[in-house]
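Input: a single structure, listed below in structure tokens.
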Amino acid sequence: MKIAIGADHGGYRLKEILVPFIESLGHEVEDVGCSCEQSVDYPDYSLPVCEMVTGGKAERGVLICGTGIGMSIAANKFPGIRCALVHDLFSAKATREHNDTNVLSMGERVIGPGVAQEIIRTWLETPFSNGERHIGRLNKVAQIEQKYNLHP
Ligand code: RB5
């Protein structure tokens with residue numbers, strides 16, 4: 001898969017570890033920055049990642065900031081983006097099976113690189129269940145976007 005990845009200064013070091021890890025899993029990675037630990041604003045990095053996913057230029061997105069919270073809030077403003085903030089393996093699997101998430105957010109100040117790598121591996125490898133009840137719920141989420149004219 002093509003994976004877009006972005007981080008702010010709070011997630012920069014973890015991003016630098018995750019890029020080669022994702023590539024080692026056989027995926028192509030497009031890194032939108034940031035490129036050092038100088039203070040930046042997380043929405044400036046969620047934007048290009050989410051635009052790549054909704055525009056079909058990447059199949060999935062990965063976002064990292066200090067907590068993962070800011071990135072996940074910003075990402076979920078984008079129509080068509082389903083972003084999960086994940087810090088454990090159970091959620092990594094469940095959010096693919098139940099929510100068909102296309103963007104993953106993590107916090108460098110919350111988890112270590114070993115856990116982050118296993119979360120990424122699980123999240124990338126787990127398919128959506130295609131369960132009827134989950135599809136119905138995701139359709140209701142899409143209806144909220146449509147109601148407020150947010151659907152792409
Ligand atoms: C930056 O200090 C920090 O606020 C940011 O990385 C993120 O945690 C925001 O949610």
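Just follow the structure's listing: the first ligand is 1, and inside any ligand the first atom is 1.
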Give every residue pair that meets the side chain to side chain donor-acceptor pair (under 3.5 Å) criterion with at least one member in residues 17-44, sequence neighbours excluded.
->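 Sorted result for residues 17-44: Lys15-Asp31.
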At their closest point, which heavy atom of Ser105 faces which heavy atom of Ser72, and how far apart are they?
->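 The pair with the smallest heavy-atom distance is OG-N, 3.7 Å.
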Show the atom names and distances, to 0.1 Å, of all donor-acceptor pairs under 3.5 Å that link a side chain in residues 109-119 to residues at least two apart or in another chain.
residue, atom, partner, partner atom, Å
Glu118, OE1, Arg121, NE, 3.0
Glu118, OE2, Arg121, NH2, 3.3

Within 6.0 angstrom of Lys2 NZ, more than 12 heavy atoms from elsewhere |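 Yes.
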Which N or O atoms of ligand 1 sit under 3.5 Å from a protein N or O, and how far apart is each pair?
residue, atom, partner, partner atom, Å
ligand 1, 2 (O), Arg109, NH1, 3.3
ligand 1, 6 (O), Asp8, OD1, 3.4
ligand 1, 6 (O), Asp8, OD2, 2.7
ligand 1, 6 (O), Gly66, N, 2.8
ligand 1, 8 (O), Gly66, N, 3.3
ligand 1, 8 (O), Thr67, N, 2.9
ligand 1, 8 (O), Thr67, OG1, 3.0
ligand 1, 10 (O), Thr67, OG1, 3.3
ligand 1, 10 (O), Gly70, N, 2.9

Is the side chain of Glu108 donor-acceptor paired with the backbone N or O of Leu14 at a distance under 3.5 Å, no angle test?
->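 Checked: pair present.
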Members sharing Leu138's hydrophobic cluster (side chains within less than 4.5 Å) =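 Traced through the cluster, Leu138 reaches Phe128, Ile135.
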